[in-house]
2 protein chains.
Amino acid sequence: MRELRIPESGPKRRLLETAEQLFAERGFDMVAVRDITGLAKSNVAAVNYYFGSREELIRLVIYRYATPIGEERLARLEAVEKKWSGKMPPLEEVIEAYVRPLSGIAKKTNLPDAGYHMLVGRILSLPGNVFPQETELITQSAAARFIRVLAKALPTVSGEELIWRTHFLTGGMLHLLVHQDEPRTLGEAAGTPTMDAILSRFIRFATAGLREGLPVEQAPSKGPQATFDF
Amino acid sequence: MRELRIPESGPKRRLLETAEQLFAERGFDMVAVRDITGLAKSNVAAVNYYFGSREELIRLVIYRYATPIGEERLARLEAVEKKWSGKMPPLEEVIEAYVRPLSGIAKKTNLPDAGYHMLVGRILSLPGNVFPQETELITQSAAARFIRVLAKALPTVSGEELIWRTHFLTGGMLHLLVHQDEPRTLGEAAGTPTMDAILSRFIRFATAGLREGLPVEQAPSKGPQATFDF
DNA sequence: GTCTATAAAGTGATAGAC
DNA sequence: GTCTATCACTTTATAGAC
């Protein structure tokens, strides 16, 4: 990773933000260096001058987005474990700790919300081998810890079943990030919820899916029926 | 669509199956015409000679895979509606009708199972505008009908909530097709279930997620606990 | 039908002028 | 720092020999 401090303004900043925007819209593969320098009204050599190469620019973007999310996930999972040490943590709290950091809490960029979430989804869909080593380590740690804490919250679910249910959760999670606009363009009344509201819906969906088959007495009381409003 | 009858053997067949295999492994964007003709031990002009262009070859592949799945979905959803006409169909049967056709029942190709499922997942993840018109129509009809029948099975869930839950289901479904090998390489004991077994797990997961928040008395009795074995 | 040669356009990267 | 010109390479597609 060549240089992690990005100036608050200036050509390097503008190139980076333009690249992020295009990566979010089209995916990494569909963005040429010339697309970035063209839209940023710079010259074709600028990306190589400031970032070394197209590859290094992409790795920088991955680092900037995936690392804080992984750190936030780890911190929250740790907090849940500490809070319920010894006791069985509520399933919903565990899922919340892993999913909520996607909403943009750890966001350190000027990208508009919709673009931010699409970019995060695309990054987390990439194969791990294109991640910078440090980022990959944090991401993997968070995923491993998630499954470990999940197992505490669902002691009667077999390891095999748990892995598959986690896999289903992951798929739904990545899909809602990249394709958040799809339900809205369905013509149907999908409303215009914020990402936090969508994640709340998703956490309830995934909690029910992960708990499937367990006796309801094990489920915590819900209090007043949730309204999904924030 | 230039020519839909593909010979049982010969160079055209070999080119098509080689292309399908590479598309499944890498995704459409990452396969060059030269990759196909090279692996199929043909010459670079063969793809254009037999299929017109790279684009047309891709559209042919999309057509061959997505059309039978859409038809199978429509037929099964229709059967469920007919069987329970007037009455409320069981949620699990509705989801089964939409998801099960992905297992390869409607398969009309020689691609090995793993590749078949990855290819189907990649195709169904594409934006609709690259689909042949006929295929797009069937795919959209099946999706619309799915939501319509779902609404009958879940009359107390609001339209907005239903659309989002369906969106979560779609994400998990596409993810498990393209990344079915991921849980297995996790080092953990994910077992080596068939796609039919994975889909059975997924259908139970998604059924619980879609039914979230509803009183359990509404759920049908389950009979003996399912074992996920086929 | 099969193949080679080549056209036309695009890619990432860089040397060197300013 | 900024920019143009250009290199070396890859892409899809096709003309024309066999």
Side-chain angles (χ1 to χ4, degrees), chain A residues 1-63 122 126-127 129-132, chain B residues 1-63 122 126-127 129-132:
Chain A
M1 202 64 49
R2 176 172 289 228
E3 182 49 80
L4 295 167
R5 294 261 172 275
I6 309 292
E8 284 296 326
S9 67
K12 184 167 184 176
R13 181 81 197 197
R14 203 173 68 251
L15 281 167
L16 180 61
E17 290 184 357
T18 305
E20 289 176 348
Q21 179 198 326
L22 289 173
F23 290 151
E25 288 169 8
R26 307 187 201 164
F28 294 98
D29 293 339
M30 304 308 287
V31 178
V33 169
R34 278 170 169 77
D35 297 333
I36 302 166
T37 54
L39 189 61
K41 294 190 208 314
S42 186
N43 64 85
V44 282
V47 160
N48 293 280
Y49 177 76
Y50 283 110
F51 302 99
S53 71
R54 180 182 182 276
E55 278 284 301
E56 283 181 78
L57 167 60
I58 291 176
R59 279 225 302 286
L60 174 63
V61 171
I62 294 173
Y63 175 85
R122 292 196 194 276
L126 292 173
N129 58 45
V130 306
F131 277 40
Chain B
M1 203 64 50
R2 177 172 288 226
E3 181 50 83
L4 295 166
R5 293 262 172 273
I6 310 293
E8 285 295 326
S9 66
K12 184 168 184 176
R13 182 79 197 199
R14 204 173 66 251
L15 281 167
L16 179 61
E17 290 185 354
T18 305
E20 290 176 346
Q21 179 198 326
L22 290 174
F23 290 150
E25 289 169 7
R26 307 186 201 165
F28 293 99
D29 293 339
M30 303 307 287
V31 178
V33 170
R34 277 170 166 74
D35 298 332
I36 302 166
T37 55
L39 189 62
K41 293 188 211 311
S42 187
N43 66 84
V44 282
V47 160
N48 293 281
Y49 177 77
Y50 284 109
F51 301 99
S53 70
R54 181 182 181 279
E55 278 285 301
E56 283 182 77
L57 166 60
I58 291 176
R59 279 226 301 286
L60 174 64
V61 172
I62 294 172
Y63 174 86
R122 292 195 194 276
L126 292 172
N129 58 44
V130 305
F131 277 40

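Remember, it's a predicted structure, so these values are computed and weren't measured experimentally. Reminder, nothing fancy here: chain letters follow the sequence lines and each chain counts from 1.
- Rounding to whole angstrom units, CG of residue A/Leu15 and P of D/dC3 are separated by 10 Å.
- In this entry the distance linking CZ of B/Phe51 with P of C/dT2 reads 12 Å, nearest Å.
- If you measure from atom OH of B/Tyr50 to atom P of D/dA13, you get 17 Å, rounded to the nearest angstrom.
- The 12-atom threshold is exceeded at CD of B/Glu25, counting heavy atoms of other residues, nucleotides or ligands nearer than 6.0 Å.
- We find that CG of B/Asp29 is positioned 15 Å from C1' of C/dT11, with the value rounded to whole Å.
- Note that A/Lys12 lies outside the cation-pi zone of A/Tyr49, set by a 6.0 Å cut-off to the ring centre and a 45° limit from the axis.
- Relative to the side chain of B/Ser53, the nucleotides D/dA13, C/dG12, C/dA13 differ in distance, and D/dA13 lies closest.
- Within the nucleic acid shown, B/Ala45 comes within 4.0 Å of at least one base atom, counting heavy atoms only.
- Between A/Pro11 and B/Arg54, the residue anchored nearer the 5' end of DNA chain D, judged by the nucleotide with its closest heavy atom, is A/Pro11.
- When the side-chain nitrogen and oxygen atoms of B/Asn43 are compared with OP1 and OP2 of C/dT2, none of them lie within a distance under 4.0 Å.
- At a cut-off of 3.5 angstrom, the base of C/dG12 holds at least one donor-acceptor pair with the side chain of A/Arg34.
- Residue B/Met30 contributes atom CE, which lies 13 Å from atom C1' of C/dT11 at whole-angstrom precision.
- A straight line from CG of B/Leu57 to C1' of D/dT11 spans 16 Å, rounded to a whole angstrom.
- Phosphate proximity of C/dG1 to B/Tyr49: present, with a side-chain N or O under 4.0 Å from OP1 or OP2.
- The residue A/Val44 sits close to a base: some heavy atom pair falls under 4.0 Å.
- The distance from atom CG of A/Asp35 to atom C1' of C/dT11 is 11 Å, rounded to the nearest whole Å.
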